[in-house]
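First up is the structure itself, then whatever we jot down about it.
Throughout, a chain's letter reflects where its sequence line sits, starting with A, and its residues are numbered from 1.
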Number of protein chains: 2
Amino acid sequence: MPEARAHPYHHGDLRAALVRAGYGLALDEGPQAVTLRAVTRRAGVSPTAAYRHFANVDQLRAAVGMRALGALAGVIEAHQAALPAAHRARPRDLLTAVGDGYIAYALDNPNGFRTGLFGLLDMGHAELPEGAGDGGRTPFQLLTDALAAAAAQGSLPPDSVSSAAVHCWSSVHGFASLALLGPLRGQARHELDALGRRLVRDVVAGVLGPAS
Amino acid sequence: MPEARAHPYHHGDLRAALVRAGYGLALDEGPQAVTLRAVTRRAGVSPTAAYRHFANVDQLRAAVGMRALGALAGVIEAHQAALPAAHRARPRDLLTAVGDGYIAYALDNPNGFRTGLFGLLDMGHAELPEGAGDGGRTPFQLLTDALAAAAAQGSLPPDSVSSAAVHCWSSVHGFASLALLGPLRGQARHELDALGRRLVRDVVAGVLGPAS
DNA sequence: CACGCGATGTTCACAGCGTCAACATTAGAG
DNA sequence: CTCTAATGTTGACGCTGTGAACATCGCGTG
């Protein structure tokens, strides 16, 4: 088994190792710590090695951001999976879980959230598979999936799906931003949880109509 | 008039000049161009001169962000001032103007918006007077003012003002984020305008009830 | 099985960045 | 008028991202 070499010249899967190192750095010290040299240092490799896998530091950061997005998708999926079995097929509950999961990830993991959702100045990546969770869907796709299910069930006009998606994401993402660095920052955690739950339910009611 | 010296050793009001230079740089090349050396260069001064007015580059950036916030407040005030005289005292219209102005500034001036609203990793500044427009109110204050007026008039329970503020800002700020760098980026401008107008009116209706 | 070429990683170098310490200039208080 | 504190400059340091040249190695070809 030659794989156990202390420092094999060829790493094996350096790209993945760099992204992992970058994400770790982001969680530990915040997005601004994700520097090319710091990442390669943590991966135990020379700085320029990164250039075999990324054109520049921005692409490295984008990849790290994708990983954070995937983690967010995982939390959302977990919230959906945690629904009582009887509710797991209800679009309203799926949608609520998307919002709750989104906010929970942001509040539990501010550095991760900022890494995935701020910082990357062009995130056209919201639909790329790298940002997906275990279920293979990105956070934005989980949202539109829930809305599409609601439309299929008739609780939402089909041609309102996309504007409803804008509505939902705007509210929830905006809330997370405000809670992390806006005027709400500093509010006690249970306060933010309560505000967030209320916001999500209001938004869902606004989109699907009042709960039955 | 000794003030007309070509390069007086003492600048006069370097702090303001630096903030102005930084804001110009941000508008021209984006927030990431606001670097200490670039700003001092544009102001025609040595790099370390900035340290007589800012403890570090982050504080310089924060000051530039405040200026952008002030510009945003100005646009909102202009939208309110542009209301037909008969509507200018209606809380509903004032509130709508806040949302429309916010979105208009973001779409018209993406670099300015990003400078003021992203980037600065801790913006506890939302209430500081430096972020105010000509009217002396920050964007967030213009929002809460409009909501307070609505409450005073009875169209909103007084104890809902703060949660309504969260609602409104979340939606509008989230929308601007999505439009500038999220999945909506790339959409045609008139599309974004239409989506934004619709969103603002829906949000206002959600907060104050359907339009009379 | 040997070879060699392309992929991957390293070394060295450079310019730009933020910041500190030491120094220069000047406005304004006494 | 003088001295001091405020303000601006110079020079240096270690950090950053990145390019060019070189080293090592896996793997497909002969």
Side-chain angles (χ1 to χ4, degrees), chain A residues 1-26 28-65 114-115 119-122, chain B residues 1-26 28-65 114-115 119-122:
Chain A
M1 297 195 281
E3 78 198 15
R5 289 259 305 278
H7 289 300
Y9 197 95
H10 281 2
H11 182 286
D13 191 0
L14 183 54
R15 185 193 158 94
L18 289 175
V19 174
R20 200 163 344 116
Y23 186 57
L25 224 31
D28 293 349
E29 313 177 30
Q32 80 290 344
V34 182
T35 193
L36 186 148
R37 289 180 111 105
V39 168
T40 51
R41 213 178 296 136
R42 183 180 271 222
V45 106
S46 75
T48 51
Y51 285 91
R52 303 301 171 189
H53 303 277
F54 301 95
N56 53 47
V57 68
D58 288 329
Q59 299 213 354
L60 207 199
R61 292 205 178 100
V64 172
R114 285 161 42 193
T115 302
L120 20 104
L121 290 190
D122 70 66
Chain B
M1 297 192 281
E3 78 198 16
R5 290 259 305 279
H7 289 299
Y9 197 96
H10 281 3
H11 182 287
D13 192 2
L14 184 53
R15 184 192 159 96
L18 290 174
V19 173
R20 200 164 344 116
Y23 186 58
L25 223 31
D28 293 347
E29 313 176 31
Q32 79 291 341
V34 182
T35 192
L36 186 145
R37 288 179 110 103
V39 169
T40 51
R41 212 178 297 134
R42 182 179 273 223
V45 106
S46 76
T48 49
Y51 285 91
R52 303 299 172 190
H53 303 276
F54 301 96
N56 52 47
V57 68
D58 288 328
Q59 299 213 355
L60 206 199
R61 291 206 178 98
V64 173
R114 285 160 46 195
T115 301
L120 20 102
L121 291 188
D122 71 66

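- Among all heavy-atom pairs drawn from A/Tyr51 and A/Asn56, the shortest one is CE2-CA, 4.2 Å.
- Nearest heavy-atom pair across A/His53 and A/Arg15 is O-NH1, 3.4 Å.
- The side-chain heavy atoms of B/Arg114 and B/Gln32, taken from C-beta on, include a pair separated by under 4.5 Å.
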For this session: Using a 4.0 Å cut-off on protein heavy atoms (strictly under), produce a 5'-to-3' string for nucleotides 15-20 of chain D with B for base contact, S for backbone-only sugar-phosphate contact, and - for none.
Result: -BBBB-
For this session: Please assess B/Arg52 against B/Leu14 for the test side-chain contact (heavy atoms from CB on, under 4.5 Å), listing each intermediate value before the final yes or no.
Result: CA-CA 9 Å; B/Arg52 303 299 172 190; B/Leu14 184 53; over 6 Å; no
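- Dashed line: the shortest gap from a side-chain N or O of B/His53 to OP1 or OP2 of D/dG8 is under 4.0 Å.
- Between A/Val39 and A/Leu18 the shortest heavy-atom distance is CG1-O, 3.4 Å.
- Rounded to whole Å, atom C1' of D/dT7 lies 12 Å from atom CG of B/Leu18.
- Note: CG (B/Leu25) to C1' (C/dG16) measures 14 Å, nearest angstrom.
- Atom CZ of B/Phe54 and atom C1' of D/dA6 are 16 Å apart (whole Å).
- Panel note: side chain A/Arg61, backbone A/Val34; a donor-acceptor pair is recorded below 3.5 Å.
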